[in-house]
Amino acid sequence: MSTIKQILNNRRARALLIFTVVALGFIFYFHFSVGSVATSYLFNRQFSKTDTALATAESPSSKVFPEYAGIVPSNRDIVFLYQGLRESGGHFNRFDVYDYHLNKKEVIDLKIPATSNVLCYTAGRTIYTHSFFLYAYDHATGASRKINIKGLRVFELTSLNDSATAFLCLGEYKNGDRFETGFYKIDIEKDSITGRSVLIETAEHTNTPQLMLKYAGSFVADKGRYRHAYFCNKYSMIWLFDQQGDSTSSLRTLDKTPAPEVISDSRGINFYKRGATWNTNTGLVFRGKEMLVFSTRSAFKDCMIVDVYDRDALSYKTSYKLRYENRSSSDVYRVYSEEDRMTIAFTNYRLASFVYSRYNE
């Protein structure tokens, strides 16, 4: 009798064989499925032979901050949001405001609900949502005003030209019997939509929670020229706007990562579908005639990958490896840019300010 027949005739040996085959199957499946995900949506980069354009000081200035709840978008400052319970009772919301050299400018106490979603800090105001309603908090008076734009739910928002009243937002608008997701220009003093810049998709039913996950990302501004961009962090799309908030163009970064799939469980909780969602871009800055995009779609995990695109032609130019404490682009929380420096907020509450070696117009 052959060895195989002996094994098959032995109940214990047969069970062990079946277990081994199944276990190996899981191992091979896990290995190849994870590997395919890890290498999905990569592209052949042309790395610059010299990092002159992104050369930094050997020891960039850095600082570790107390564990904040988040970083609030602002076109002029670095704004940390702190939330918690007071020892005397009740909750608090507080801003610690810094300049791009990491010098503290002021501390602002906010009298807003504990569960508020803070969208933007600008011109003496904080814009936030609470239960999907939009509010403007006035720092001088300490009062909030509900912004009554009928049918509009705002996901993300940025001020136009540092205005206290004119904003560009990403949101969902009920237009008759259709729900239209896109970028809208709004006036928060007049409680009105002043124009739609981009229509992304339409639906028969509202789907705000899933759409907020699907198009999650950030607005950035080209200060001085007042251009604006919105990039997604799980989709390769970037939309570009002029100083009035009108759409000028859009591009897909060369990874071509598709929009994520968002699903719901039996409790109605939304989350990203595993195996159908990939991180993409974590930061974008305008610099001269270029856009610098921090990309996670790379096999390099010990450095940040910065892809350079032509601001006007929307074409890919080159890539750089930016090295700092073995951090990758996945560690990047937010990027700020001035003419002479770039400040990066990392996910472990550390900020580092890098000085450019030169500035390209």
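Keep in mind that what you see is a predicted model, and the values were worked out from it rather than measured.
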Check against side chain to side chain contact (heavy atoms under 4.5 Å, CB included), M342 and V335 = CA-CA 7 Å; M342 176 170 59; V335 184; 3.6 Å; yes
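- K256 forms no cation-pi arrangement with F43, by the criterion of a distance under 6.0 Å to the ring centre and an angle within 45° of the ring axis.
- Looking at T282, its side chain does come within 3.5 Å of a backbone N or O of S329 through a donor-acceptor pair.
- Side-chain contact annotation: T126 with H139, donor-acceptor N/O pair under 3.5 Å present.
- In this view, K63 satisfies the side chain to side chain donor-acceptor pair (under 3.5 Å) rule with no residue, not counting sequence neighbours.
- T194 places a side-chain N or O within 3.5 Å of a backbone atom of K185 that can act as its donor or acceptor partner.
- The aromatic rings of Y100 and Y336 sit tilted relative to each other, their planes meeting at an angle between 30° and 60°.
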What's the verdict on side chain to side chain contact (heavy atoms under 4.5 Å, CB included) for V118 and F95, showing C-alpha distance, side-chain angles and the deciding distance?
-> CA-CA 11 Å; V118 181; F95 285 164; 3.9 Å; yes
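- A cation-pi geometry, defined here as NZ or CZ lying under 6.0 Å from the six-membered ring centre and within 45° of its normal, holds between R153 and F132.
- Among residues two or more places apart in sequence or in another chain, the side chain to side chain donor-acceptor pair (under 3.5 Å) test is passed with D307 by R45, S319.
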Ring pair (Phe, Tyr, Trp, His ring centres under 6.0 Å) between F155 and Y215: does it pass, once the steps are laid out?
-> CA-CA 9 Å; F155 311 158; Y215 297 112; 7.9 Å; no
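- With a 4.5 Å cut-off on side-chain heavy atoms, Y41 and T280 do not count as touching.
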Evaluate the side chain to side chain contact (heavy atoms under 4.5 Å, CB included) criterion for residues R94 and L81: first the C-alpha distance (whole Å), next the side-chain angles of each, then the deciding distance (0.1 Å), finally the verdict.
-> CA-CA 6 Å; R94 188 187 80 235; L81 172 64; over 6 Å; no
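- More than 12 non-hydrogen atoms from other residues, nucleotides or ligands lie less than 6.0 angstrom from CD of E189.
- A salt bridge is defined here as a Lys NZ or Arg NE, NH1 or NH2 lying under 4.0 Å from an Asp or Glu carboxylate O, and K150 with D191 fails to meet this definition.
- A 4.5 Å side-chain heavy-atom check between Y272 and N270 finds every atom pair outside the cut-off.
- When side chains are defined from C-beta on, H101 does not count as touching S353, because their heavy atoms never get closer than 4.5 Å.
- L152 has its side chain within reach of C169: a pair of non-hydrogen atoms, C-beta onward, lies under 4.5 Å apart.
- Under the side chain to side chain donor-acceptor pair (under 3.5 Å) criterion, S163 pairs with T165, sequence neighbours left out.
- With a 6.0 Å radius and a threshold of 12 heavy atoms from other residues, nucleotides or ligands, K111 has its NZ atom at or below the threshold.
- Atoms CG and CG, on L168 and L157 in that order, are 8.0 Å from each other to the nearest 0.5 Å.
- For Y128 and Y135, the distance between ring centers is under 6.0 angstrom.
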Please assess Y349 against F65 for the test ring pair (Phe, Tyr, Trp, His ring centres under 6.0 Å), listing each intermediate value before the final yes or no.
-> CA-CA 6 Å; Y349 308 104; F65 292 84; 9.5 Å; no
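- No donor-acceptor pair closer than 3.5 Å links the side chain of T277 to the backbone N or O of P260.
- Here E325 pairs with R327 in a salt bridge; the nearest charged N to carboxylate O distance falls below 4.0 Å.
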Residue pair H130, T115: steps toward the side chain to side chain contact (heavy atoms under 4.5 Å, CB included) verdict | CA-CA 7 Å; H130 183 63; T115 55; 2.9 Å; yes
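- By the neighbour-count criterion of 12 heavy atoms within 6.0 Å, atom CD of E106 is densely surrounded, having more than that number from other residues, nucleotides or ligands.
- Using a 4.0 Å cut-off between a side-chain N of Lys or Arg and a carboxylate O of Asp or Glu, D96 and K104 qualify as a salt bridge.
- To the nearest 0.5 Å, atoms CG (N75) and OG1 (T158) are separated by 4.0 Å.
- Put simply, CG on N93 and CD on Q83 are 4.5 Å apart, with the number rounded to the nearest 0.5 Å.
- For the pair I108 and Y121, the minimum side-chain heavy-atom distance is below 4.5 Å.
- Distance OG/S159 to CZ/F219: 10.5 Å, rounded to 0.5 Å.
- For Y309 and Y316, the gap between ring centers is short of 6.0 Å.
- Taking the six-membered ring for Trp, F47 and F300 have ring centres closer than 6.0 Å.
- In this structure, Y235 and W239 have perpendicular ring planes: the angle between them is above 60°, well past the 30° mark.
- Geometrically, R196 does not engage Y173 in a cation-pi contact defined by less than 6.0 Å to the ring centre and at most 45° from the axis.
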